[in-house]
Amino acid sequence: MTTDNQNPNPSEQQERQKNFVEQIVEADLAANTHEGRVHTRFPPEPNGYLHIGHAKSICLNFGIAQNYKGKCNLRFDDTNPAKEDIEYVESIKEDVQWLGFQWDNIYFASDYFQQLYDLAVQLIKAGKAYVCSLSPEETREYRGGWDSVGKDSPYRDRDIQENLSLFERMKAGEFADGEHTLRAKIDMASPNMNMRDPAMYRIKHIHHHRTGDQWCIYPMYDFAHGISDSIENITHSICTLEFEHHRPLYDWFLDELDIFRSRQYEFARLNITHAIMSKRRLLELVENKHVQGWDDPRMPTISGLRRRGYTPQAIREFCTRIGVTKQNSTHDISWLEDSLRAQLNKEVQRRAAVIRPLKVVIENFPEGHVEFMEAVNNPEDPSFGTRQVPFTRELYIEQSDFMEDPPKKFFRLGPGREVRLRYGFFITCQEVIKDGDGNIIELRCTYDPETRGGQAPDGRKVKGTIHWVSAEHAVEAEVRLYDHLFQTPNPSDVEEGQSYLDNLNPHSLEVLTDCKLESSLAEAQPGERFQFERLGYFCVDTKESNGTKPIFNRSVTLRDTWAKMQKRS
RNA sequence: UACCCCAUAGUGUAAUGGUAGCACCAGUGAUUUUGAUUCACUUAGUCUAGGUUCAAAUCCUAGUGGGGUAACCA
């Protein structure tokens with residue numbers, strides 16, 4: 001985990017064009033709008049696990065605080081106890097920190113319940129809020145639609161004293177759920193539905209994970225959020241596009257209450273191909289066992305990506321690469337994968353691993369003899385040094401590195417062909433051995449002792465270089481290959497009568513239990529990452545791997561132009 | 001049906017009235033003991049129609065297309 005918890009490197013942020021939110025911040029700084037103060041917040045509702053879309057928001061909010069010497073709060077928007085849970089609070093804290101960010105303050109909207117209540121009373125006294133006794137159904141009818149204006153609630157003109165007393169009694173628990181609401185008195189004819197006397201408080205006799213049974217009325221998002229921002233002196237309240245038409249309401253509350261004026265700015269939420277980001281659906285995948293949990297390595301959750309082997313840097317890099325705008329857009333998931341490859345290529349050691357083994361016997365190599373070969377740990381950086389790998393008469397190579405009847409462009413092993421075993425010798429395939437069903441089960445080869453290390457003194461070349469593992473020294477392991485959870489780029493795009501679940505990729509997980517790893521991998525620690533040469537980047541599973549038979553997760557494949565060529569033809 | 005937001009190479013994003021750039025993808029080639037990495041080159045774009053202006057991707061109007069919005073959810 002040495003590379004995991006580093007703080008974001010300032011250079012990650014430098015030399016980049018500013019996004020529109022940063023430009024707003026810079027303009028405010030230039031105009032001295034808040035005496036040079038910048039204060040953002042990340043306001044998750046603790047009703048699910050954080051995903052890569054939240055990472056975008058986290059990078060934006062914490063990143064701005066960092067770059068402009070400001071502050072960023074973590075604030076839990078816990079105003080609806082029906083959906084929220086302490087389990088989520090803990091996971092969110094962990095994920096934010098793992099991503100490399102530290103909040104200046106940690107707050108809960110529920111910390112402000114009393115203040116919120118007092119401010120609501122203030123609005124009632126100002127004649128700007130009233131207790132409404134319409135049922136939920138009636139409220140909906142009175143609100144009207146896009147083609148019609150709303151009707152005033154018959155309770156809209158209750159006098160202030162009555163409102164005060166009713167609201168007091170709501171708080172005291174004298175009424176059942178749904179009997180009354182507190183509503184802002186704005187404009188039932190507004191073209192913006194949010195302004196048609198929105199609810200500020202509803203009655204819910206539910207235990208809250210932090211305030212217990214102290215309250216039975218809970219504030220609505222629109223009332224609580226802006227005021228929470230204001231209480232914390234948030235200068236830039238950044239949220240996603242769907243809150244755009246809540247902004248007039250956000251402004252209305254702060255103006256009517258005449259409290260610190262935070263400003264709300266909206267950006268487009270993140271979409272990624274072959275993935276879904278809706279908390280509701282993610283929960284559905286977990287509950288219906290389509291995946292093995294929130295941290296299933298196929299999930300776009302932070303905990304899933306972490307277990308998959310993603311690094312915080314790669315996720316941050318991805319977030320800065322995609323930018324921040326108001327345009328709805330979908331990013332190709334390969335961008336995320338590329339960010340990981342780019343980092344791991346430079347930082348991770350190479351190892352040999354054969355995941356679908358094919359036995360090779362070097363007929364002219366003495367039985368029982370072990371020759372140690374020197375292998376480079378990272379060709380990108382000599383300071384990673386080298387290691388010794390044992391070469392013996394019996395080896396494993398990858399099944400896909402042999403073809404009995406190879407096409408022209410196939411550079412690997414075939415009958416009579418010579419290839420280089422990386423850091424080993426040149427070998428030539430002499431004989432193919434099959435079982436009764438015609439399956440290839442073993443190759444008999446010869447090696448050229450003159451090619452030790454992989455160079456021929458006579459200068460002859462071979463087309464292909466393949467990896468191998470000494471059978472005698474091999475570590476047995478399980479390897480889990482992951483592919484996109486959804487097989488279509490946009491899982492939500494479905495035929496009539498189908499659902500996104502129909503687009504689940506049946507091959508998103510392939511478990512290989514007969515893998516042969518280079519002996520040095522025996523000591524690999526949970527979470528440790530390697531490049532298995534020619535295959536991809538892998539990490540030791542943090543949850544289920546154990547000493548007897550390690551489990552490796554494939555984080556991402558290497559780029560594979562050979563596979564691409566095959567697909568094309 | 002009403003209102004709001006958005007529109008630049010395939011994708012994603014710059015240019016904030018003054019030369020349309022960048023990244024990824026794709027293609028071609030070079031290097032290579034990973035068909036990896038790296039490097040070089042190439043293809044390709046301002047939704048449409050009007051208007052303002054010496055000058056419009058940028059400002060205005062209309063249209064078109066996409067997205068969002070009618071929880072006592074956030």
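Letters go in sequence order (proteins before strands), and every chain restarts at 1.
Nearest approach of M277(A) to L282(A), heavy atoms of both residues: O-CD2, 4.0 Å. Across T488(A) and P491(A), no two heavy atoms sit closer than the pair OG1-CA, 3.6 Å.
Screening F42(A), Y107(A), Y88(A), F108(A) against F76(A) for a ring-ring contact (aromatic ring centres under 6.0 Å, His included) leaves a single residue, F108(A). Checking each of F223(A), Y218(A), F175(A) against Y201(A) for a ring-ring contact (aromatic ring centres under 6.0 Å, His included) leaves exactly one that passes, namely F223(A).
The phosphate of rA74(B) has OP1 or OP2 within less than 4.0 Å of a side-chain N or O from R202(A). OP1 or OP2 of rA36(B) lies within a sub-4.0 Å distance of a side-chain N or O belonging to T561(A). Residue R183(A) has no polar side-chain atom (N or O) positioned under 4.0 Å from OP1 or OP2 of rA71(B).
One N or O donor and one acceptor, one from the side chain of W146(A) and one from the base of rU69(B), sit under 3.5 Å apart. Taking 3.5 Å as the limit, the base of rU34(B) and the side chain of R350(A) contain a donor-acceptor pair of atoms between them. A donor and an acceptor atom never sit less than 3.5 Å apart when one is taken from the side chain of Q327(A) and the other from the base of rU13(B).
Side-chain N/O atoms of R269(A) and S57(A) include no donor and acceptor closer than 3.5 Å. In this model, a donor atom of one side chain and an acceptor atom of the other lie less than 3.5 Å apart for D222(A) and H246(A).
rU64(B) and rA70(B) have their P atoms separated by 24 Å, with the value rounded to a whole Å. Comparing rC22(B) with rG45(B), their P atoms are spaced 15 Å from each other, to the whole Å. For the C1' atom pair drawn from rC6(B) and rC73(B), the interatomic distance equals 26 Å after rounding to whole Å. Look at the C1' atom in both rC39(B) and rU52(B): the space between them is 49 Å, to the nearest Å. Here, rG68(B) and rU1(B) have their C1' atoms 16 Å apart, quoted to the whole Å. Taking atom C1' in both rA14(B) and rC4(B), the straight-line distance is 26 Å, to the nearest Å. Nucleotides rC5(B) and rC59(B) are separated by 13 Å at their P atoms, to the nearest Å. rA15(B) sits 16 Å from rA20(B) when the P atoms are compared, rounded to a whole Å.
Out of rU34(B), rC72(B), rC73(B), the shortest distance to the side chain of T181(A) is found at rC72(B). Side-chain proximity of D560(A) to the nucleotides rC3(B), rG35(B), rC72(B) is greatest for rG35(B).
No contact: L270(A) has no heavy atom under 4.0 Å from any strand. No contact: N192(A) has no heavy atom under 4.0 Å from any strand. As judged by a 4.0 angstrom heavy-atom cut-off over every strand, S148(A) is placed among residues making no nucleic acid contact. Among the protein residues, Y423(A) comes within range of the nucleic acid bases, having at least one heavy atom under 4.0 Å from a base atom. Among the heavy atoms of the strands lying under 4.0 Å from P379(A) is at least one base atom, whether or not backbone atoms are also near. Residue contacts shown for R143(A) are limited to sugar-phosphate atoms, with no base heavy atom under 4.0 Å away. Residue K564(A) is in sugar-phosphate contact alone, with no base atom involved, counting any heavy-atom pair closer than 4.0 Å across all strands shown. Among the protein residues, R412(A) comes within range of the nucleic acid bases, having at least one heavy atom under 4.0 Å from a base atom. If you check every strand for non-hydrogen atoms under 4.0 Å, G145(A) touches a base.
In this structure rU28(B) sits in a base pair with rA40(B), meeting the Watson-Crick or G-U test at under 3.5 Å. Nucleotide rA9(B) forms a pair with no other nucleotide shown, judged by Watson-Crick or G-U wobble geometry with both contacts under 3.5 Å. Summarising the base pairing, rA49(B) is matched to rU61(B) through a Watson-Crick or G-U wobble pair whose two defining distances lie under 3.5 Å. The partner of rG17(B) is absent, by the rule that a Watson-Crick or G-U pair needs both atom distances under 3.5 Å. For rU69(B), the paired nucleotide is rA2(B), the pair qualifying as Watson-Crick or G-U wobble because both relevant distances are below 3.5 Å.
If you take CG of N271(A) and P of rG12(B), they are 10 Å apart, rounded to a whole angstrom.
Ring-centre distance between F552(A) and F532(A): below the 6.0 Å cut-off.
The pair R75(A)-D229(A) meets the salt-bridge criterion, with a side-chain N (NZ, NE, NH1 or NH2) lying under 4.0 Å from an Asp/Glu carboxylate O. Under a 4.0 Å N-O distance rule, the pair D197(A)/R156(A) qualifies as a salt bridge.
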Give me, pair by pair, the N or O atoms of the protein and of nucleotides 57-68 of chain B that are less than 3.5 Å apart, along with how far apart they are.
unit_1  : atom_1 : unit_2  : atom_2 : d
rG67(B) : O2'    : N328(A) : ND2    : 3.2

